[in-house]
Amino acid sequence: MEQKSFGEKLLGVWNTRTIVTVAIGAALFGVLMNYGSIPIFTNTSLTTAMIVPVVVGAMFGPVPAAVAAGVGNTIADLIGGWGMYPAWSVANAVASLFIGALPLYGAYITEGKFDVKHMIIYVVCVIIGNAIAFGVVAQVLTVVLEGGDMNVSLLQGVYASVGNILVECVIGIPVIKLLANRYASRTNLTEEN
Amino acid sequence: MNNRFVINYTPGPTFLHKLTGFTKVALFLVMTAAIISTFDIRILIPLLLINVAEVISMKPNYKPIIIMFLITFVTVTLIGNVMLFVVSPAAGLNNVGAEHILWQSGRFYLSKEFLWYIFVVFIKRTASFASVMAFALATTPSEFASGLNKCGFPYKVCTIVSLAYRTIPDIANDFINIRNSMMMRGLELTGKKVSLWKKLKNTVILLVPMIFTAFGKVGNIANAMDLRGYGKNKKRTWYAEHEASKGDRIVRILTLVLLLLTIYYVVMYRFINPWPAKFWCPWLQPEEIQHINIFDTLFFMKWFKK
């Protein structure tokens, strides 16, 4: 098995396959933003779109995940037509950098590697990523670009990140596990030392 | 289902539709920059009118646009402003710089400046909404990609954008089919009596086939692109980009003028000679305005100051 350098793990390898995956991820992000929300009460719902950077990150690394989430959110804004919120697109991309960092700590989904140690690191990454993205990045950009009020946007940020953390952990972990099992069952090769 | 989307996949007949991708993307980027750069209603209203005129000139199907506008209005403007009123009634003071109180009850109060702040933010959001609509209605995915590439983005990013755009209807169809068939087999996803935990678990069951279906296409598309030599050269040309017409030149010049005006405005009125508060307000003189540090307005800061 060839060993990848840190930079390659971070950036991903930008061949045609990566590009198509990121594009389809972005499209899926847009579709899930529009259709795939889980209603909790009237008027509030969880979006399942943040599962996309988890999957793309698991396969190709954090930067492809961030591009998929950023482009996906922009496209979702364009088709959903609720206006452009560049602050939230950037925040989602920043959060995805952390969420999609699975290969950096050795969770190679395509080789079927995802165990309890990776799960714990994953949850920590998810929480840190959401805190930075929706606690800092989104707030600064909202105030600078849109002139929104920081208190309201902070409350929305807390709400969004709690929802995201819930989706990324409760839905994300089983999905990654299933993906890993599926990839593992496809190959009968074992690593030789 | 497709009525919900405003994306345009076929080139239309009107003047704006016929422009090249580069012109449309450049106009959209400059327009967005102009709307973001200012909080001054004297500039926002003309920008809003230009964008509304653009939308009207394309003779679109108004129904989805109006529905979207109403949804945005209810969720962002109505609910957002009620929240704003409850959480920080001082938003007027913080952003406009003064307070003339109209009504007060306990810690809640309504000031003239608060209403002005809401109004300006609403105009700004609507202008941004109109510019997004104008762009989404005028541009096909291929034009979007070719325009972005001509604006200097690497072509691989542009391919991502156009490919994502292009696959959205397919993926939306797949999603709806999978969801309907899952619901037919008795998977509860939206019912009111189902607990949140159950809904989340059921969503996993829904999303796994969705992810496999969507990413299962990757191999085919990537192989087809590789076979046609995608990514071999450093540059590529675009089928959708045609020669600039007379209309293109006019719009490009107008875009350039708008860009220069925006830069002039930002340099002149945001840095060299700024209005003392963030928002311009017709009934306030510059001397009346108080300076508020934005970090002092955060509700949790007072816990640290004891």
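Each chain gets a letter, A, B and so on, in the order its sequence line appears, and its residues count up from 1.
When side chains are defined from C-beta on, F215(B) counts as touching T21(A), because their heavy atoms get closer than 4.5 Å. At a threshold of 4.5 Å between non-hydrogen side-chain atoms, the residues Y155(B) and L148(B) do not count as touching.
With a 4.5 angstrom heavy-atom cutoff, F85(B) does not touch chain A via any of its atoms. Heavy atoms closer than 4.5 Å to chain B are found in both the backbone and the side chain of I19(A). In this structure, the portion of F135(B) lying under 4.5 Å from any heavy atom of chain A is its side chain and not its backbone. Interface remark: F175(B) contributes side-chain atoms only to the contact with chain A (heavy atom separation under 4.5 Å).
Qualifying side-chain hydrogen bond (donor to acceptor under 3.5 Å, both in side chains) partners for N164(A), counting only residues two or more places apart in sequence or in other chains: none. K217(B) pairs by the salt bridge (Lys or Arg N to Asp or Glu O under 4.0 Å) definition with D174(B), not counting sequence neighbours.
Judged by the 6.0 Å distance and 45° axis criteria, K124(B) is positioned over the aromatic ring of F39(B).
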Inset, instruction - Decide side chain to side chain contact (heavy atoms under 4.5 Å, CB included) for L137(B) and I65(B); before the verdict, give the C-alpha distance in whole Å, the side-chain angles of both, and the deciding distance to 0.1 Å. - result: CA-CA 10 Å; L137(B) 286 168; I65(B) 302 181; 3.8 Å; yes
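Ranked by heavy-atom pairs under 4.5 Å with chain B, the list V52(A), V71(A), V55(A) is led by V55(A). Highest contact tally toward chain A, considering only V86(B), I171(B), T167(B), is held by I171(B) [criterion: heavy-atom pairs under 4.5 Å]. Between chain A and the residues R166(B), K201(B), K156(B), R179(B), the largest count of heavy-atom pairs under 4.5 Å involves K156(B).
Residues of residues 172-181 of chain A that come closer than 4.5 Å to chain B, counting heavy atoms only, are P174(A), V175(A), L178(A), L179(A), ordered by residue number.
What you find for P141(B) and Y165(B) is that their closest heavy atoms are CB-CB, 3.7 Å.
Here the side chain of E143(B) pairs a donor or acceptor atom with the backbone of T140(B) at under 3.5 angstrom.
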Please tabulate, for the side chains in residues 203-214 of chain B, all donor-acceptor contacts under 3.5 angstrom to protein atoms that are two or more places apart in sequence or on a different chain.
unit_1, atom_1, unit_2, atom_2, d
T203(B), OG1, K199(B), O, 2.6
T213(B), OG1, P209(B), O, 2.4

